[in-house]
Amino acid sequence: MKIIKDNIENSDKIRILDLAGGKGGVSIPLAKETGAYIKIVDIIPEFIEEARKKIFRTWTKKMIFMN
């Protein structure tokens, strides 16, 4: 995650696709720290649901989820 943060500017114009993003353990903090728009894709519905719950707890709105 440090490599990504060090190489992009804080901007809401950045788009990141997180394939096999699971529960959002990397994507959610990355969205909060960089302002990037992140799409999480995972085939396990329970992981996506857990990521959604984390988003509501952390108030990160720049996320879209797909199964």
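Numbers here simply count residues along the sequence, with the first being 1. Remember, predicted model here, so these are calculated numbers, not experimental data.
- Within the model, atoms CD1 of I55 and CD1 of I28 stand 4.0 Å from one another, a figure rounded to the nearest 0.5 Å.
- Contacts of E50 classified as side chain to side chain contact (heavy atoms under 4.5 Å, CB included), with partners at least two apart in sequence or in another chain: K23, K53, K54, R57.
- For G24 against A51, the heavy-atom pair with the smallest separation is N-CB, 4.1 Å.
- Taking CD1 from I38 and CD1 from I16, the interatomic distance works out to 4.5 Å, rounded to the nearest 0.5 Å.
- Atom CG of residue L19 and atom CG of residue L17 lie 4.0 Å apart, to the nearest 0.5 angstrom.
- D42 contributes atom CG, which lies 5.0 Å from atom CD1 of I48 (distance to the nearest 0.5 angstrom).
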